[in-house]
There are 2 protein chains.
Amino acid sequence: MQRTAAEQVYCDHEEKLARYAKALAHPIRVRILEFLGTQACCFTGQLTEEIPLAQSTISQHLKELKEAGLIQGDVMPPRVKYCINQQAMAEAEQMFFHLFQRLRHT
Amino acid sequence: MQRTAAEQVYCDHEEKLARYAKALAHPIRVRILEFLGTQACCFTGQLTEEIPLAQSTISQHLKELKEAGLIQGDVMPPRVKYCINQQAMAEAEQMFFHLFQRLRHT
DNA sequence: TGTATTGATCGGTAATTTGCGATAAACTAT
DNA sequence: ATAGTTTATCGCAAATTACCGATCAATACA
């Protein structure tokens, strides 16, 4: 992306939906979410056991999900408890649902 | 991604969902789909009028969507008519829906 | 005060993505 | 054959993403 000025190319909802989609656009992040779906919450350590990638890599993907708003992390030293952000997730679901709805049948 | 061998890290459905999500992970592609949703079908040229980006850029995003399976292009020389691939779209919707369902409430 | 634990962050490399202009390809029409 | 139309593809630069090992920060505990 090398667009500098105005930046008025897309609608808010297009940017927002794309943002959520991007958060889901890697299998490891899908898996993290699914794991959270079975656990209510989890610590980073559980994920590093579940997923055969470096701890730093997993931490980075958690950051991605957090920055997209889909999860939140509560610091419980020395650990961090991650949970799904139900509100953001509901919003994402709504947005996806509406998109698909508009695309159906045409 | 610099993983070379076995590649048995993720489940098929995780990869597939991530693949669909990636296709939706850019506002221009969301917009293209939305436009298709109002038009049933369209030619590339209509999109280059709708969207203030270079023709080559739009063509590339169409390719992205096509490679993800979400749209298909029928060549009608010298133009190409793009339509939503309803079957793939339905599959994507299903997968997203199930994911969100599993994440709800926890 | 030291030691252990947990997880974020840094620094680096490789790969991928995004954007553009220019050009090629596939036709139609003249 | 030539010219025009439409769209894909190429080649490039810049930005971003993905991954890792190493290190730092925060806290608990001995």
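Every chain is numbered from 1 and lettered A, B, ... according to where its sequence line falls, protein lines coming before strand lines.
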Listed pairs under 3.5 Å, donor-acceptor, residues 44-64 of chain B side chains, sequence neighbours left out:
from	atom 1	to	atom 2	distance (Å)
B/Q46	OE1	B/F43	N	3.0
B/T48	OG1	B/G45	O	2.7
B/H61	ND1	B/R29	NH1	2.9

Bend angle of the helix from C/dT1-D/dA30 to C/dT30-D/dA1, end axes from five pairs each (to 10°): 10°
Distance in angstrom units between A/R79 CZ and C/dA4 P, rounded: 19 Å
Heavy-atom donor-acceptor pair, B/E14 side chain to B/C11 backbone, under 3.5 Å: yes
Atom pair distance, as rounded to whole Å: CE in A/M76 and C1' in C/dT5: 15 Å
Touch class at under 4.0 angstrom, heavy-atom based, for B/K22 against every strand present: sugar-phosphate
Protein-to-nucleotide contact annotation, 5' to 3' order, nucleotides 22-30 of chain C [B base; S sugar-phosphate only; - none; under 4.0 Å, heavy atom]: B----S---
B/Y10/A/R31 under side chain to side chain contact (heavy atoms under 4.5 Å, CB included): CA gap, chis, key distance, verdict: CA-CA 8 Å; B/Y10 311 110; A/R31 174 175 300 191; 4.3 Å; yes
Protein-nucleotide distance (B/Q60, atom CD; C/dT17, atom C1'), rounded to Å: 8 Å
Spacing of B/L103 atom CG and A/L70 atom CG [to the nearest 0.5 Å]: 9.0 Å
d(CG, B/L47; C1', D/dT6) in whole Å: 13 Å
B/V80 side-chain proximity, nearest of C/dG19, D/dA18, D/dT7: D/dT7
For A/H98, side chain to side chain contact (heavy atoms under 4.5 Å, CB included) partners two or more places apart: A/Q94, A/Q101, A/R102
Which nucleotide in C/dG7, C/dT9, D/dA8 has an atom nearest any side-chain atom of A/K63: C/dT9
A/I51 CD1 to C/dG7 P, straight-line distance once rounded to whole Å: 13 Å
Any donor-acceptor pair under 3.5 Å from B/N85 side chain to B/G69 backbone: yes
Touch class at under 4.0 angstrom, heavy-atom based, for B/T57 against every strand present: base
Integer-rounded Å distance: C/dA8 C1' and A/I71 CD1: 13 Å
Qualifying salt bridge (charged side-chain N to carboxylate O under 4.0 Å, His left out) pairs with a residue from residues 66-93 of chain B, counting only residues at least two apart or across chains: A/R104-B/E93, B/K16-B/E91
Which nucleotide in D/dT7, D/dC19, C/dT18 has an atom nearest any side-chain atom of A/H61: D/dC19
Full working for side chain to side chain contact (heavy atoms under 4.5 Å, CB included) between B/L17 and B/L99: CA-CA 9 Å; B/L17 183 47; B/L99 176 67; 3.7 Å; yes
Among C/dA8, D/dC19, C/dT18, the one nearest B/H26 by side-chain distance: C/dT18
Distance, rounded to the nearest Å, where B/K66 contributes NZ and D/dT7 contributes P: 12 Å
Any side-chain donor near an acceptor of the partner, B/E15 and A/H26, under 3.5 Å: no
Sugar-phosphate only, base, or nothing, as touched by A/E64 at under 4.0 Å among non-hydrogen atoms: nothing
Atom-pair distance (CD1 on B/I58; C1' on C/dG19), nearest Å: 12 Å
Sequence-distant partners of B/F100, ring-ring contact (aromatic ring centres under 6.0 Å, His included), two or more places apart: A/F96
